[in-house]
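In what follows, chains carry the letters A, B, and so on, assigned in the order in which the sequence lines appear, proteins first and then strands, with residues in each chain numbered from 1.
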Amino acid sequence: MASTSIPLPLSPSSPASQTPTTATATAQPLSPTISLPKLKTPTIRSRLSKLCQDGQPHLARQLFDTLPRPTTVLWNTIIIGFICNNLPEEALLFYAQMKKSAPNTKCDSYTYSSTLKACADTRNIRVGRALHCHVLRCLSNPSRILYNSLLNMYSTCLPGADYSSGDLVRKVFDTMPKRNVVAWNTLVSWYVKTERYEEAILQFVRMMKMRIRPSAVSFVNVFPALSGMRDYKNANALYGLLVRMGAEYVSDLFVVSSGIFMFSELGCLDFARKIFDLCSEKNTEIWNTMVGGYAQNNLPIEAIDLFLQATQSEEAVLDEVTLLSALTAVSQLQRLELAQQLHAYVIKHLRVIPIFIQNAIIAMYSRCGSIDKSFQIFHEMPERDVVSWNTMVSALVHNGLDDEALMLVREMQKQRFEIDSVTVTALLSAASNLRDPNIGKQTYAYLIRHRIEFEGMDSYLIDMYAKSGLVGALQIFSEKSSAQDRDMATWNSMIAGYTQNGMIEEAFVVFRLMLEQKLLPNSVTLASILPVCSPMGNIDLGKQLHGFSVRNMLDENVFVGTALIDMYSKSGAIAYAENVFRETGLKNSVTYTTMILAYGQHGMGERALSLFHSMQDSGIKPDAITFVAVLSACSYAGLVDEGLQIFELMKKEYNIRLATAHYCCVADMLGRVGRVVEAYEFVKGLGEEGNVLEIWGSLLGACRIHEQFELGKAVAEKLLELEKGNDVTGYHVLLSNMYAEEGEWENASKLRKQMREKGLKKETGYSWIEISGRINRFVSRDQKHHQCDDVYNMLGQLAMEMKAAGYRPFVSSSLHKVADSD
DNA sequence: ATGAATATTT
């Protein structure tokens, strides 16, 4: 018989006893001497199910164990009773016991249907398959519900990624003799689970065409497909259909919740909120979906506002999940006082704080800049899970404490927690930050040893290697020998790795390779490669990429648009930059900031200012960087009073945290027009906050230009005092130039000597040019170019012609006493 | 007596 060959779990009441005889014994009356009154099956059945409904499944078991020969109906009742009490494992054990101790009791559709449900609940596909075989062998006419149960068992137990090798769920569906709305719903949700959203919608439509009336569940199931497709139009249409189906559809609480979720996934918070507001009896899930929707869409103010409403609501709608969303929202706001208040609220309102809430609190404090508090909470946690460790490790990395993060990972391993993809991501970030290829290699080795793989892993690895000096990045890249193995992210991070390391030629080599493989660059590729077009001095290349992005509709992407603006601006083509800006549909604060920056770099301070004002009118909130752009634009254009006004505005109206860059702009602005003393006073007035190299450096530059030698000396002293091991090559050179201009050659050469001793060396400047796809790079006094002699001959010739034309080189600020001809 | 469904931290 089939049942003997299929292994099944053992008896529930005596897990220790493994032999069929003992299992049978336990199913017999506890005490054979007491003879119970003979009850009819329906009476026992109703008693059993009453006990289970009252949440007393163990009393039901005691009663069941007194039955000498339970009928099929009674077996079914006890199995269903345990499933209803959320004990699917025990339900499976009863089925096993039934097979073993009562082989002659026939299973029916109810038995199989319920046991299949238990398989689905426990993700036990092994038993599920066995049951499928039993059904095919033993039942001549399985019920429709049984087929639905089979379908459901497969759709919950099969791993989502594994449908390619013959879609079993689809096969079962296709072979079903009759399908009702439940079967269709299950199929749709299977397609959603496997992320085949288009197919899910198609099946929903097919069901409608077959005149099967969708149920509320049908809508709940198909909604995620529409948000997954990012199909706002059809989402709207479908919601319209839902409304026309009748009140019982719109007011179904599941429908309300998943409707809110769909629209907030699509970014339509207004619509989501409308559904929320129209719902008269909101349950906790609905509140949570709405609060979470705001948090997920980075609308922390709205999220917190709604959370506060929930706290004041008459009914008890709040639970841990609401709190979780509120914690996320405060993390986004990055306001420490709020974080502390919310933390207090959590302590006050929860008797025990679940681990996942504590994890969120750790993350919140870290995002609000209080890493100490994060660690304290982590340290004092009585129990931690992997997420706790990962949260703390990531928090340390985010706060620049990379070494501490590494140590914590050690500790995590010591305490036998498995490193997972999140840990690895944090580790790789730490390795890039520390520029330590060894940590990276160890992490990579760990990945290989433990066969860890996750989406985007290659890009993280390449990014890490790229940042720590590119040893190995190419290796990982080439190891994925076939083009299919390299996903877009891998190509992109390879290119970005090179561009971020200033290895522009190499970046273009990879870019060309990509094109040769007939791969279409996407918006990320363009956003990585565009920024290096302008330093190449090759605007045609930039224009080609612009053309490419227009043809492939990538120019609508904000990041590409912004990169294009920046590229044109840096290539000196401000008019092109303006055009792109005008044509970028969805502008965000970065788009505006880039354009303002572009105007500033072209000395068009007035335009920068007026763009800033129209940005304010359009309701897009300027951020800290926007103000850097405006202030520096004012500085370049000498619009000092306007600049100072904006500085005030920024402090008072926008509540933006002032950073070094802002102070720098103001000091620079004043210094540039010769208000050097004022600048000095401003910087001194900043106190400790102003003790930053960049600020004093900018002041030094001003002193030099306006020949304020005495003040310059004071500033220089201060700078040297601030230096302490910082890389200040630029200031040394500037300082030495100042001494040189004053004619104090002795001091200048002393400083240069000091520089050499400390091993400071200004980064070599170089230029390059692309000729028929090949990049030629030139460094001062370089002899490596293969046409070196020709190049120097031409240079000499040009120099002579320039001299003949009357050109006199300006040498006063160069470091050395040099002959004019140099 | 049996089947399908919503919110969650790194």
From [atom1] of [X] over to [atom2] of [N], roughly how many Å is that when rounded to an integer?
{"X": "Leu131(A)", "N": "dT2(B)", "atom1": "CG", "atom2": "P", "result": "18 Å"}
{"X": "Trp389(A)", "N": "dT10(B)", "atom1": "CH2", "atom2": "C1'", "result": "14 Å"}
{"X": "Asp420(A)", "N": "dT10(B)", "atom1": "CG", "atom2": "C1'", "result": "9 Å"}
{"X": "Ile83(A)", "N": "dG3(B)", "atom1": "CD1", "atom2": "P", "result": "7 Å"}
{"X": "Asn283(A)", "N": "dA7(B)", "atom1": "CG", "atom2": "C1'", "result": "9 Å"}
{"X": "Lys117(A)", "N": "dA5(B)", "atom1": "NZ", "atom2": "P", "result": "7 Å"}
{"X": "Met381(A)", "N": "dT9(B)", "atom1": "CE", "atom2": "C1'", "result": "10 Å"}

Checklist entry - Side-chain donor or acceptor of Asn185(A) under 3.5 Å from a matching atom on the base of dG3(B)? => result no
Item to check | dT6(B) base / Ser257(A) side chain donor-acceptor hit below 3.5 Å | outcome: yes
Among [options], which nucleotide sits nearest the side chain of [X]?
{"X": "Phe356(A)", "options": "dT10(B), dA5(B), dT8(B)", "value": "dT8(B)"}
{"X": "Asp252(A)", "options": "dA7(B), dA4(B), dA5(B)", "value": "dA5(B)"}
{"X": "Ile145(A)", "options": "dA4(B), dT2(B), dT10(B)", "value": "dT2(B)"}
{"X": "Asn288(A)", "options": "dA4(B), dA7(B), dA1(B)", "value": "dA7(B)"}

Checklist entry - Which residues in residues 319-327 of chain A have at least one heavy atom lying under 4.0 Å from any atom of DNA chain B? => result Asp319(A), Val321(A), Leu324(A)
Show me the donor-acceptor pairs within less than 3.5 Å that the side chains of residues 290-307 of chain A make with the rest of the protein, sequence neighbours left out.
{"from": "Tyr294(A)", "atom 1": "OH", "to": "Arg273(A)", "atom 2": "NH1", "distance (Å)": "3.1"}
{"from": "Asn297(A)", "atom 1": "ND2", "to": "Ser264(A)", "atom 2": "O", "distance (Å)": "2.8"}
{"from": "Asn297(A)", "atom 1": "ND2", "to": "Gly293(A)", "atom 2": "O", "distance (Å)": "2.9"}

Next on the checklist: Counting neighbours of CG on Asn86(A) that are heavy atoms of other residues, nucleotides or ligands and sit closer than 6.0 Å, is the number greater than 12?
Outcome noted: no
Next on the checklist: Between the base of dA1(B) and the ring of Tyr110(A) - centre-to-centre under 5.5 Å, planes within under 30° - is that a stack?
Outcome noted: yes
